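Read the structure below first, then the notes.
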2 protein chains.
Amino acid sequence: MSEFVTIGRAAARAGCKVQTVRYYEQIGILPEAVRTEGNQRLYSESHLQRLVFVRHAREMGFSLGAIRDLLSLADDPDHSCEAADAIACEQLEQVNRRITHLRALKQELERMVEQCRGGVIADCRVIEVLGDHSKCADRTHGARA
Amino acid sequence: MSEFVTIGRAAARAGCKVQTVRYYEQIGILPEAVRTEGNQRLYSESHLQRLVFVRHAREMGFSLGAIRDLLSLADDPDHSCEAADAIACEQLEQVNRRITHLRALKQELERMVEQCRGGVIADCRVIEVLGDHSKCADRTHGARA
DNA sequence: CCTTAAACCTACAGTGATTGTAGAGATTAG
DNA sequence: CTAATCTCTACAATCACTGTAGGTTTAAGG
């Protein structure tokens with residue numbers, strides 16, 4: 001009852017493009033797939049699981065490098081959880097940094113857009129603010145992101 | 001009092017690498033710079049302003065395409081402000097979308113990390129959650145493996 | 001004036017993570 | 001059997017830089 005599927009179905013199930021799956025194989029993130037007589041790739045359930053893992057991790061923002069590490073950890077079930085935890089923590093911190101950064105941007109953009117209501121370019125806050133750092137909200141303040 | 005500066009100083013003032021400045025010239029974001037007898041680029045104050053504008057906009061997350069548009073708008077001071085406003089609004093929306101996305105990630109990562117305290121890979125929530133969509137936040141108010 | 005170090009020049013390759021293309025062959029439904 | 005769809009390889013393109021090699025120019029010190 002080996003339920004092998006073609007690359008198209010595998011990609012569909014993982015929510016990515018066919019090329020992406022081939023790319024993962026190419027860079028060694030996925031092992032080489034079995035082939036049909038006609039040289040087409042076939043994916044087993046465990047292949048699919050690995051692919052889903054990768055896609056899910058990508059959606060969570062993990063880099064392929066981090067995913068590679070996670071996979072090699074996952075392949076050793078007796079290993080301590082510590083390293084996987086560390087990778088996830090690092091990812092979480094990165095996400096927090098990005099959120100902080102984006103919130104600052106959001107404020108600045110809101111200010112820009114708010115002050116630019118009609119008028120001509122010569123008086124445009126958007127252009128003006130972008131051209132002059134000193135017109136930024138409070139850039140010399142938080143200092144960290 | 002033509003205060004021309006070399007590319008190194010220009011880059012330093014804009015907070016980017018020398019190569020980046022040359023790259024901007026190459027793709028037409030910045031006009032070609034004047035050269036010394038020895039073929040080295042020199043930047044005037046207006047050049048510098050444009051470069052600072054570009055870098056600031058990049059820091060705000062605008063794509064080079066959007067920046068190109070903003071620049072051509074900025075070059076026409078009598079033009080209506082509308083288009084610049086629209087670009088900034090689109091950017092603001094993008095930032096909002098990203099923040100929303102990142103907040104969801106943050107939650108999921110926090111859950112993963114929280115539940116993975118010590119133990120071995122075989123029981124690791126990080127690995128487990130990444131390998132199984134059904135264990136994601138929105139469905140797992142009571143689920144366990 | 002000469003030397004040395006730093007900064008600059010061009011041209012091109014590499015990054016990350018895909019995505020797109022061309023031109024062929026395989027598979028499946030009608 | 002045929003037509004449509006899918007898959008194959010191999011390679012180029014994307015975005016916004018960044019790095020490298022190998023050479024030239026410039027500023028400073030002796």
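Since this is a predicted model, take the numbers as computed values, not measurements. Naming: A, B, ... by sequence-line order, numbering from 1 per chain.
When distances run from any side-chain atom of A/Gln19 to the nucleotides D/dT18, C/dC9, C/dG20, the shortest one goes to C/dG20. Distance from the side chain of B/Arg58 is smallest for D/dC17 among the nucleotides C/dA17, D/dC17, D/dT9. Residue B/Arg41 has its side chain nearest to C/dC9 when only C/dC9, D/dT26, D/dC17 are considered. Here the nucleotide nearest the side chain of A/Gln40, chosen from D/dC6, D/dT9, D/dC17, is D/dC6. Side-chain proximity of A/Lys17 to C/dT19, C/dA26, D/dC17: nearest is C/dT19.
If you measure from atom CD of B/Glu37 to atom C1' of C/dC8, you get 16 Å, rounded to the nearest angstrom. Atom C1' of nucleotide D/dT18 and atom CD of B/Gln26 are separated by 13 Å, given to the nearest angstrom. Between the P atom of D/dC8 and the CD atom of A/Glu32 lies a distance of 12 Å, rounded to the nearest Å. Distance CZ (B/Arg9) to P (D/dT26): 14 Å, rounded to an integer number of Å. Nucleotide C/dT19 holds its C1' atom 14 Å from the CD1 atom of A/Ile7, rounded to whole Å. Rounded to a whole Å, the OH atom of A/Tyr23 is 10 Å from the P atom of C/dT15. If you measure from atom CD1 of A/Ile27 to atom P of C/dG14, you get 17 Å, rounded to the nearest angstrom. In this structure, the CD1 atom of B/Ile29 is 12 Å from the C1' atom of D/dC15, given to the nearest Å.
Close to C/dT18, at under 4.0 Å from its OP1 or OP2, lies no side-chain N or O of A/Thr20. For D/dC15, neither phosphate oxygen OP1 nor OP2 lies less than 4.0 angstrom from any side-chain nitrogen or oxygen of B/Ser63. Note on B/Arg55: a side-chain N or O is less than 4.0 Å away from OP1 or OP2 of D/dC17.
Counting only distance, with no hydrogens or angles, the side chain of B/Gln91 and the backbone of B/Gly61 share a donor-acceptor pair below 3.5 Å. Not one N or O on the side chain of A/Thr20 forms a donor-acceptor pair closer than 3.5 Å with the backbone of A/Cys16.
Sequence order on DNA chain D of the closest nucleotides to B/Asn39 and B/Gly65 puts B/Gly65 first from the 5' end.
In this structure, B/Tyr24 reaches the sugar-phosphate backbone alone: every heavy-atom distance under 4.0 Å involves primed, P, OP1 or OP2 atoms, never a base. Heavy atoms of B/Arg22 sit under 4.0 angstrom from at least one base atom.
Salt-bridge formation is not detected for the pair B/Glu25/B/Arg50: no Lys NZ or Arg NE/NH1/NH2 atom is positioned less than 4.0 Å from an Asp or Glu carboxylate oxygen.
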Test side chain to side chain donor-acceptor pair (under 3.5 Å) on B/Arg58 and B/Tyr24 and set out the steps.
CA-CA 12 Å; B/Arg58 284 295 298 134; B/Tyr24 289 158; 4.5 Å; no
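Summarising the geometry of B/Glu32 relative to B/His47, their closest heavy-atom pair is O-NE2, 3.6 Å, with the distance given to 0.1 Å.
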